[in-house]
Amino acid sequence: MIKGLLFLASALAVPGAAFAAPMLDVPSAKAKIDASLARTFPDLETLYKDLHTHPELAFHETRTAALLAARMRKLGFTVTEHVGKTGLVALYKNGAGPTVLVRTELDALPVEEKTGLPYASTVKTVGEDGKETFVDHACGHDSHMAWWIGTAEALLAMKDQWHGTLMFVAQPAEEIVAGAKAMLADGLYTKFPKPDYGFAAHVDPSPIGTVKVKQGVVTSASDTVLITFKGVGAHGSMPDKSIDPIVEGAHFVNDVQTVISRQKDPQKFGVVTVGSFHAGTVANIISDHADLQLTLRSYEPEVRKVLNEGVVTTANAVAMMAHAPAPDIRHPFTADPVLNDSGLAADTAAILKTALGAANVDLVPESKPGWTASEDYSELVNAGMPHSVYFSVGGYAPETIAKYKAEGKPLPVNHSPYFAPVPEPTIRTGVETLTLAVLSVAGVK
């Protein structure tokens with residue numbers, strides 16, 4: 001009894017702590033979640049494979065959103081579709097208590113899948129640039145949608161174990177870090193309840209059955225930069241009659257890395273990646289423009305400022321050296337770092353260690369760096385959600401990891417055309433993680 005009271009006092013002393021956590025009977029809750037999964041997992045795996053086979057790009061997730069909306073309505077949620085263009089909000093009220101947001105993403109990537117899976121995507125569509133592209137859930141959002149539905153099913157099967165309002169959000173366009181802003185602009189926190197707590201999770205190439213819970217900074221800031229270098233077109237045999245934008249772009253690709261090596265503090269994380277370089281049509285024509293797409297990643301505001309200013313300065317300097325017009329520079333998509341509530345992260349990690357085994361749950365302290373990828377879930381947190389935790393769930397079998405290591409090959413990570421998390425137990429772990437997280441804050445009736 002004294003130990004329990006001390007645990008409660010400790011939880012109450014931590015800002016953002018999950019006050020209901022000491023009341024949660026974790027083994028009993030885990031058993032009930034697993035009982036729900038025993039009934040629903042075959043259907044969740046079928047849903048996952050369907051979503052994987054039919055991926056859709058950012059802001060075009062019409063089939064995907066309709067599929068999820070129908071399932072949530074069948075469970076008894078009140079569903080509003082087309083929030084922020086194809087996003088949806090599903091609410092379920094179960095008495096007085098906190099509003100708890102659980103988020104999934106809907107969109108896939110313009111990537112050709114090369115996994116060889118029997119349910120691999122062969123979808124092609126026309127992208128925003130007017131060009132045909134393959135589409136693949138190479139980031140893992142199909143896993144997220146399956147465990148999002150599974151979490152809703154588990155929580156409704158345990159209605160006597162919690163109270164409050166579930167706010168399940170399916171967000172479009174995460175891959176271009178634009179969907180969260182679009183949903184907020186469309187009234188996510190004004191037309192619907194503003195959440196007291198929020199949870200989200202992402203699959204990664206770690207061993208199946210494992211979960212990482214980061215305190216403080218979880219992901220990097222993201223800035224997308226589009227640059228068009230301008231030139232003068234000419235015949236390939238008469239380069240002196242041209243201003244070659246390909247040469248401008250080539251100089252820029254090399255020179256911009258000095259922003260990292262000579263301007264940024266070497267002790268602090270920052271990345272400038274040129275992911276796309278398009279110019280010209282045939283061998284004997286010098287184009288009059290070159291289009292480059294960049295992504296910048298950083299944790300700290302001062303580093304972010306150095307990277308953005310360095311890219312602009314370098315691009316303008318390259319054009320000046322070529323006697324070319326100033327380039328067009330645009331910043332269409334940005335996202336801040338995701339920040340976890342450290343107290344809530346510690347509480348949920350403790351619950352997950354009890355449920356999944358201490359060796360399978362890693363609580364990463366604030367002093368350690370976050371993950372270098374980015375997420376616009378930060379927009380939902382920064383818009384006024386007081387307490388939130390973003391989890392990372394392992395998706396690879398240990399033997400797969402060992403095989404790549406033995407062969408000396410890099411393990412396919414998110415966004416690789418070979419990225420292939422295993423459905424079982426990845427989805428199961430995601431359901432257990434998110435359901436226990438919601439129970440930790442929604443209390444016990």
Side-chain angles (χ1 to χ4, degrees), residues 58 103 105 107-111 138-141 144 171 173-181 200-206 212 214-227 249 252-277 291-315 329-340 364 366-382 388 390-392 410-417 419:
R103 191 216 66 168
E105 316 93 306
D107 57 328
L109 289 159
V111 173
C139 195
H141 296 177
H144 306 175
Q171 177 206 310
E174 185 279 332
E175 296 294 1
I176 60 172
V177 292
K181 287 180 181 177
H202 206 298
V203 66
D204 73 12
S206 298
K212 296 186 187 71
K214 177 72 172 67
Q215 294 179 298
V217 177
V218 184
T219 66
S220 66
S222 173
D223 294 285
T224 299
V225 185
L226 308 181
I227 303 175
F252 172 81
V253 171
N254 283 325
D255 293 349
V256 77
Q257 292 306 322
T258 63
V259 175
I260 299 297
S261 65
R262 292 296 179 269
Q263 297 180 37
K264 180 189 69 66
D265 183 338
Q267 300 297 321
K268 297 180 178 180
F269 169 72
V271 169
V272 175
T273 295
V274 180
S276 174
F277 189 145
D291 297 315
L292 281 68
Q293 299 183 54
L294 291 77
T295 185
L296 318 183
R297 306 299 171 105
S298 56
Y299 294 137
E300 301 178 32
E302 60 270 24
V303 174
R304 193 177 187 181
K305 185 172 184 289
V306 167
L307 299 190
N308 277 280
E309 290 181 352
V311 164
V312 171
T313 300
T314 304
I329 304 173
R330 304 172 297 288
H331 298 77
F333 307 122
T334 64
D336 293 334
V338 173
L339 301 177
N340 274 353
V364 183
E366 289 187 36
S367 58
K368 297 290 185 180
W371 302 304
T372 56
S374 303
E375 245 288 2
D376 67 343
Y377 178 69
S378 58
E379 300 296 329
L380 305 185
V381 178
N382 296 345
S388 175
Y390 184 91
F391 304 95
S392 184
L411 187 68
V413 298
N414 305 69
H415 291 216
S416 163
F419 184 63

- Message: I need the minimum non-hydrogen distance between Pro205 and Pro412, along with the two atoms involved.
- Response: CB-O, 4.0 Å

- Item | Minimum-distance pair of heavy atoms, taken over all atoms of Leu109 and Ala138 | CD1-CB, 3.9 Å

- Could you give the distance from CZ (Phe277) to CG (Leu294), rounded to the nearest 0.5 Å? 10.5 Å

- Query: Is there a side-chain contact (heavy atoms from CB on, under 4.5 Å) between Leu339 and Val381 once you walk through the steps?
  - Reply: CA-CA 8 Å; Leu339 301 177; Val381 178; 5.6 Å; no

- Query: Can you list the steps and then say if Val272 with Gln257 is a side-chain contact (heavy atoms from CB on, under 4.5 Å)?
  - Reply: CA-CA 7 Å; Val272 175; Gln257 292 306 322; 4.2 Å; yes

- Should Asp291 and Leu226 count as side-chain neighbours, where that means a heavy-atom distance under 4.5 Å? no

- Message: Would you say that Glu366 contacts Val217 through its side chain, given a criterion of any heavy-atom pair below 4.5 Å between the two side chains?
- Response: no

- Message: Please evaluate residues Lys181 and Asp376 with respect to the criterion salt bridge (charged side-chain N to carboxylate O under 4.0 Å, His left out), reporting the C-alpha separation (whole Å), side-chain torsions for both, the decisive distance (0.1 Å), and the verdict.
- Response: CA-CA 8 Å; Lys181 287 180 181 177; Asp376 67 343; over 6 Å; no

- Query: Between CD of Gln263 and CD of Glu309, what distance do you get to the nearest 0.5 Å?
  - Reply: 9.5 Å

- Using the salt bridge (charged side-chain N to carboxylate O under 4.0 Å, His left out) rule, take Glu174 and Arg103 through it: C-alpha gap first, then chi angles, then the decisive distance, then the call. CA-CA 11 Å; Glu174 185 279 332; Arg103 191 216 66 168; 5.6 Å; no

- Query: Is a side-chain donor or acceptor of Ser220 paired with a backbone partner of Ala373 at a separation under 3.5 angstrom?
  - Reply: yes

- Would you mind reporting whether Phe269 and Pro369 have side-chain heavy atoms less than 4.5 Å apart? no

- Query: With side chains defined as the heavy atoms from C-beta onward, is the minimum distance between Val303 and Leu307 less than 4.5 Å?
  - Reply: yes

- Query: Taking all atoms of both residues into account, what is the closest heavy-atom pair of Gly140 and Val203, and its distance?
  - Reply: CA-CG1, 3.7 Å

- Message: Would you say that His331 contacts Val311 through its side chain, given a criterion of any heavy-atom pair below 4.5 Å between the two side chains?
- Response: no

- Task: Check whether the side chains of Tyr377 and Thr219 place a donor and an acceptor atom closer than 3.5 Å, and report yes or no.
- Result: no

- Task: Provide the closest heavy-atom pair for Ser222 versus Thr295 in the form atom of the first, atom of the second, distance.
- Result: OG-OG1, 4.1 Å

- Message: Tell me if a side-chain donor or acceptor on His141 pairs with a main-chain N or O of Asp107 at a distance below 3.5 Å.
- Response: yes

- Any donor-acceptor pair under 3.5 Å linking the side chain of Thr314 with the backbone of Val256? no

- Task: Measure the shortest side-chain to side-chain distance between Val218 and Glu375 over non-hydrogen atoms and say whether it is less than 4.5 angstrom.
- Result: no

- Message: I need the Ile176 CD1 to Thr224 OG1 distance, nearest 0.5 Å.
- Response: 8.5 Å

- Parallel under 30°, tilted from 30 to 60°, perpendicular over 60°: which one fits the rings of Trp371 and Tyr390? tilted

- Message: Is there a side-chain contact between Arg297 and Ser374 in this structure, where contact means two heavy atoms from C-beta onward sitting under 4.5 Å apart?
- Response: yes

- Query: Nearest 0.5 Å, what's the CG-OG distance between Asp223 and Ser298?
  - Reply: 6.5 Å

- Side chain of Lys214, backbone of Lys368: donor and acceptor closer than 3.5 Å? yes

- Message: Less than 4.5 Å apart, side chain to side chain, heavy atoms only: is that true for Val225 and Ile329?
- Response: yes

- Please walk me through it: do Arg304 and Thr334 pass side-chain contact (heavy atoms from CB on, under 4.5 Å)? CA-CA 11 Å; Arg304 193 177 187 181; Thr334 64; 3.7 Å; yes

- Query: Between the main-chain N or O of Asp255 and the side-chain N or O of Thr258, is there a donor-acceptor pair closer than 3.5 Å?
  - Reply: yes

- Item | Residue Arg330 excluded, over 12 heavy atoms near CZ under 6.0 Å | yes

- Message: Nearest 0.5 angstrom please: Thr273 OG1 to Gln293 CD, how far?
- Response: 13.0 Å

- Item | Rounded distance [0.5 Å steps], CG in Asn414 versus CG in Asp204 | 7.0 Å

- Contact summary for Ala180 and Glu379, nearest pair of heavy atoms: CB-CB, 3.7 Å

- Item | Heavy-atom closest pair, residues Cys139 and His202 | O-CE1, 3.2 Å

